[in-house]
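It should be emphasised that the depicted structure is a prediction, and the values quoted were computed from it without experimental measurement. The analysis underlying the following values was restricted to heavy atoms, covering all of them including side chains, and did not include hydrogens, waters or symmetry mates.
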Amino acid sequence: FTFKLREDSNITVRVLNEKDKQAVFSKKLDRQLGGEPLRIEWNAAQAPAGAYRLVLSGYVRSNNEKVYQEVSFYHQPTVQ
């Protein structure tokens, strides 16, 4: 996933399994630059098929304004 923040921000990214609402990935990303692409990578190689939600949350460094975005998606492992 790629996001673009308006301003420099501190954020946390989590990927939740929609089935049990448990976090399968979490990462704190301090001082992300505004106006620059923010690429989020989650190694889903061992994750089972199913619905997931990526949650990006945090605050803008200059004024403490809330940053929040959710993306729901379905993960299907590669069939070999």
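Between Tyr52 and Trp42, the ring center distance clears the sub-6.0 Å criterion.
Leu54 and Phe25 fall within the same hydrophobic cluster, where Ile, Leu, Val, Met, Phe, Trp and Tyr residues are linked whenever their side-chain heavy atoms come under 4.5 Å apart, directly or through other members. Side-chain heavy atoms closer than 4.5 Å link hydrophobic residues (I, L, V, M, F, W, Y) into clusters, and following such links, possibly through other members, connects Leu56 to Phe1. Grouping the Ile, Leu, Val, Met, Phe, Trp and Tyr side chains by contacts below 4.5 angstrom, directly or via other members, places Val55 apart from Val24. Hydrophobic clustering, with ILVMFWY side chains joined whenever heavy atoms are under 4.5 angstrom apart, groups Ile40 together with Val67.
Atom CD of Glu65 sits about 4.5 Å away from atom CZ of Arg6, to the nearest 0.5 Å. Rounding to the nearest 0.5 angstrom, the gap separating the OH atom in Tyr59 from the CD atom in Glu7 is 13.5 Å. Remark: Leu38 CG to Thr2 OG1 distance equals 8.0 Å, nearest 0.5 Å. Between the CD atom in Glu36 and the NZ atom in Lys4 there is a gap of 8.0 Å [rounded to 0.5 Å].
Checked by atom type and distance alone, the side chain of Asp8 pairs as donor or acceptor with a backbone atom of Gly34 at under 3.5 Å. Counting only distance, with no hydrogens or angles, the side chain of Asn10 and the backbone of Arg31 share a donor-acceptor pair below 3.5 Å.
Nearest heavy-atom pair, Pro77 versus Pro48, reported as atom, atom and distance to 0.1 Å: CG-C, 4.3 Å. Shortest non-hydrogen contact noted between Ala23 and Leu16 is CA-CD2, 3.6 Å. Here the closest non-hydrogen pair linking Thr12 and Ser26 is CG2-OG, 4.2 Å. Taking each heavy atom of Ala44 and His75 in turn, the nearest pair found is O-NE2, 3.3 Å.
Counting heavy atoms from C-beta outward, Leu29 and Val13 have side chains that approach closer than 4.5 Å. Residues Gln69 and Phe3 have side chains in contact (heavy-atom distance under 4.5 Å, counting atoms from C-beta outward). Side-chain contact between Arg61 and Gln32 is absent, with no heavy atoms from C-beta onward closer than 4.5 Å.
Environment of NZ in Lys21: crowded, with over 12 heavy atoms of neighbouring residues, nucleotides or ligands closer than 6.0 Å.
Salt-bridge formation is not detected for the pair Glu41/Lys27: no Lys NZ or Arg NE/NH1/NH2 atom is positioned less than 4.0 Å from an Asp or Glu carboxylate oxygen.
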